[in-house]
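Single-structure report; data block below.
We count ligands from 1, going down the list as the structure has it; atoms in each ligand are counted the same way. Because the structure is a prediction, the values reported are computed rather than measured.
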Amino acid sequence: MSEPLKLTFSVGFVAGFSKVGDINARVAHQTSAMEGIQTHRRIQQSRGSSYVAEQRLSTELVHKGHQITLQGRADGYTPATDSELPWLEEIKTTRLTPAQIPAGVIQQHKNQVAIYGHMLCQSLGYPKLRVQRTYVHPESLEESAVCEELSAEALQIAFDEIIEPIIEWFKQRSNWFVRRNQALTNFEFPFEDFRPGQRLLAESAYRNVVRRARLMVQAPTGLGKSMAVLFPALKALPANGCDKIFYLSAKTAGQSSAETALELIHRSGLPLRSVVITAKAKTCFNPELPCDPENCQYARGYFDRLPDALALIREQSGHWDRTRIEALATSKMICPFELSLDTAVEADVIVGDYNYLFSPSSRLKRFFDGSKVSPYSVLLDEAHNLVDRGRSMFSAGLTQVQILSAIKQLKIERPSIAKALKQMNAALLKLYRERGEDRREAKIEHAELKPLLKRTQNFLGLIEDIELGQGTSKPLMDVFFEAYQFLQVAEKINEDYCLTLSASEGLRSVQLNCMHPGAQLKVGYDYVQSIVGFSATLAPKVYFSEFLGLTDHAHWLRLPSPFPAKNQLTLIAKFMRVNFENRKQSAHALVELLAQLTQSQPGNYLIYLPSYEYLDLIASRYHPCACDERVLRQTVDMSDSESKAFIDSFTADSRITGFAVIGGKFSEGIDLKGLRLRGAVIVSLGLAPRSIRYDDLALRLAEGVPGSGDDALAAMDSYDYAYRFPALQRVIQTAGRVVRSEHDRGVVILVDPRFCQSRNLDLLPEHWTPHVVSNAQEITQALNSFWQNPKQNELEGLESA
Ligand code: SF4
């Protein structure tokens with residue numbers, strides 16, 4: 001028996017549901033969230049004592065037992081008096097006059113007041129109401145009001161008209177929901193059997209999704225995690241009234257695993273729709289232009305042509321990948337990125353980036369509007385990545401080079417903008433002078449930032465007068481977006497942030513670094529019914545529960561490797577010093593070690609180094625030693641197609657030695673099964689260089705994390721949190737490329753004596769049985785023994801770590 005569908009929509013979403021006309025991003029960028037909140041408050045406070053601000057209103061609509069709730073907060077109203085009608089107001093903060101606001105947006109505002117007006121009459125029994133849209137400039141507070149008097153009947157008619165398309169859509173969606181859920185009840189696991197450990201993961205994920213809880217699973221690479229979480233999440237849909245599954249990841253590789261699993265699932269012919277949301281920067285048809293009708297033909301008339309495209313999507317089950325979305329967008333002349341978002345409303349599974357749930361600027365407000373927990377399950381692929389991604393999502397920077405290049409472009413044609421930018425630059429330089437010009441990185445306090453914030457606000461205020469379009473210089477566009485993001489993040493600065501000035505190679509910038517992303521990530525979890533996060537590296541738990549913001553109410557599960565431990569030979573080369581100071585001296589010995597490995601058994605190998613500079617040094621020295629194998633290198637600016645070509649070169653009968661960076665795109669998410677990869681060498685523990693921001697984090701953690709109350713946390717060395725744990729997680733992920741299936745055998749060599757230290761050894765996975773090698777001879781002996789004796793567990797004469 002399937003639970004009924006219960007969706008909640010914000011009034012804002014409903015008001016814009018049947019939009020017509022164009023996409024116009026300029027309107028959205030006119031004011032920041034904080035400006036909006038401040039302006040609203042000021043206007044509300046000016047309205048007198050009888051004015052009721054932020055009035056919560058809601059209404060429910062039911063169709064065959066399924067239910068939609070509409071809810072929102074009207075900005076304010078004044079109750080009826082003996083002589084005055086009740087008065088409802090919606091406030092819009094804008095730097096545009098009502099005449100400059102596009103008609104489609106005005107219509108949305110009109111819909112919004114009509115919906116609130118109807119709800120107010122309905123809840124308080126008013127027969128008549130005055131409704132007003134008030135447009136306010138954030139600096140001058142100048143108001144332009146549009147007011148009208150409407151009867152309860154007129155508001156009911158307007159409401160019915162606005163809501164009709166939603167009702168029609170909801171009928172379709174609930175019919176689809178019933179059909180889909182019936183089919184899912186009989187849906188079977190698309191493989192013959194589960195791998196060892198995979199069933200336990202699937203069962204735990206199922207229970208978690210049904211209970212609407214949070215689960216974090218550490219499971220070794222090669223277990224088949226994507227299918228092991230996607231399958232139970234689908235099976236749980238009928239049981240928990242859940243509308244959609246979001247499969248979110250940090251990297252394209254994670255999205256590919258989800259798509260591979262979905263492809264198999266779709267083969268069963270289930271009535272199920274899935275879509276991939278590709279990043280705007282990748283899928284945009286006009287990457288150099290702003291999203292407005294004057295500049296982009298795919299923005300122009302987007303909402304007029306969208307219904308045709310959606311009708312086509314609704315007719316079919318199946319997967320909408322990037323190619324299919326782009327083909328449909330081309331044929332209908334509409335924006336592919338916006339089309340993928342609109343397809344997501346019709347989809348049951350959405351594959352995309354973490355940003356779409358967690359980032360304040362990219363969060364999909366149509367699904368996560370903050371008013372109520374949404375009926376969605378979220379699967380977090382390689383969840384360890386969310387710590388670093390959280391840090392970058394919640395951080396921002398302002399770079400001097402962007403400001404200077406915009407000044408250079410604008411000083412003749414737009415002197416007033418150039419002047420505002422010069423003032424920003426002067427405020428930034430003042431910070432440097434006060435901190436000492438020559439320091440690479442310096443910490444600053446929030447109060448010191450105020451003049452720069454004010455200047456940045458002035459600059460954004462001036463932008464309202466210019467048309468950002470085809471003729472707009474790229475430097476101005478770049479500085480505009482950077483400044484906008486900078487102000488958005490500045491509104492959130494608290495003890496989780498470390499503010500720094502940096503001057504690397506003469507490039508000055510101010511950075512607002514979110515070092516502890518837990519609290520802001522938690523905001524994302526609270527939007528949805530259930531979370532299942534999974535990764536090969538979620539240890540130590542205390543580290544991840546802290547930085548992922550999961551100290552409350554999360555279950556943790558740790559699964560053993562499904563593969564025999566003897567299939568992976570793990571060696572620690574303790575005789576070679578590869579820390580920064582010793583790299584040149586040890587290069588020759590390292591190259592010899594690599595040659596020993598690649599010649600011990602012909603095939604494919606990946607050599608991971610901690611930086612591109614070190615990679616180039618070792619790869620160029622290795623090249624002349626290569627026998628008849630190809631030598632490939634990862635490069636800094638490798639495109640997606642070059643990366644694919646790199647990985648596709650590794651075939652069962654190729655002979656390649658590939659050089660890559662630890663923690664880079666070839667360190668996780670690549671699946672080179674069987675003979676496609678014989679072994680990997682990880683050179684150095686890969687500790688990040690000391691930095692003020694991470695030292696500051698360590699210091700803060702040493703003082704105790706407010707409210708954590710966790711003894712285990714207090715017992716940890718704060719340096720571990722900032723440097724050591726992240727480094728070892730990257731090593732474990734990287735080594736996880738080698739043994740990918742029951743039949744895989746391979747070698748992992750860790751080159752750095754620091755791996756032998758017990759505090760590092762203790763963090764390596766339990767199923768590794770590392771042996772310490774003290775010289776080249778021992779390596780040869782260990783490799784020969786491993787390749788020649790597949791069944792042997794112990795390596796004679798070698799020390800177990
Ligand atoms: S195609 Fe590109 S520029 Fe045009 S609306 Fe879409 S994202 Fe914006």
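Here the shortest heavy-atom pairing between E326 and F285 reads O-CZ, 3.7 Å. Scanning both residues, S317 and W176, for their nearest heavy atoms gives OG-CH2, 3.6 Å.
Although no hydrogens or angles enter the test, the distance criterion places no donor-acceptor pair under 3.5 Å between the side chain of T283 and the main chain of A279.
With respect to atom 6 (Fe) of ligand 1, the closest heavy atom belonging to the protein is C335 SG, 2.4 Å. With hydrogens left out, the protein atom closest to atom 8 (Fe) of ligand 1 is C291 SG, 2.4 Å, a heavy atom. Here the protein heavy atom with the shortest distance to atom 2 (Fe) of ligand 1 is C284 SG, 2.2 Å.
Heavy-atom distances between F337 and ligand 1 stay at or above 4.0 Å for every pair.
F17 has its ring centre no less than 6.0 Å from the ring centre of F9.
Listed by atom number, the atoms of ligand 1 under 4.0 Å from L289 heavy atoms are 3 (S). Short contacts between ligand 1 and A299, defined as distances under 4.0 Å to a heavy atom of the residue, involve ligand atoms 5 (S).
Taking 4.0 Å as the cut-off between side-chain N and carboxylate O, E346 and R314 count as a salt-bridged pair. At a threshold of 4.0 Å, the pair R389-D353 counts as salt-bridged, since one of the basic side-chain nitrogens sits closer than that to a carboxylate oxygen.
Within the 2.8 Å limit, C296 places at least one N, O or S atom next to atom 4 (Fe) of ligand 1.
When heavy-atom distances to ligand 1 are checked against a 4.0 Å cut-off, K280 comes that close only through its side chain, counted from C-beta outward.
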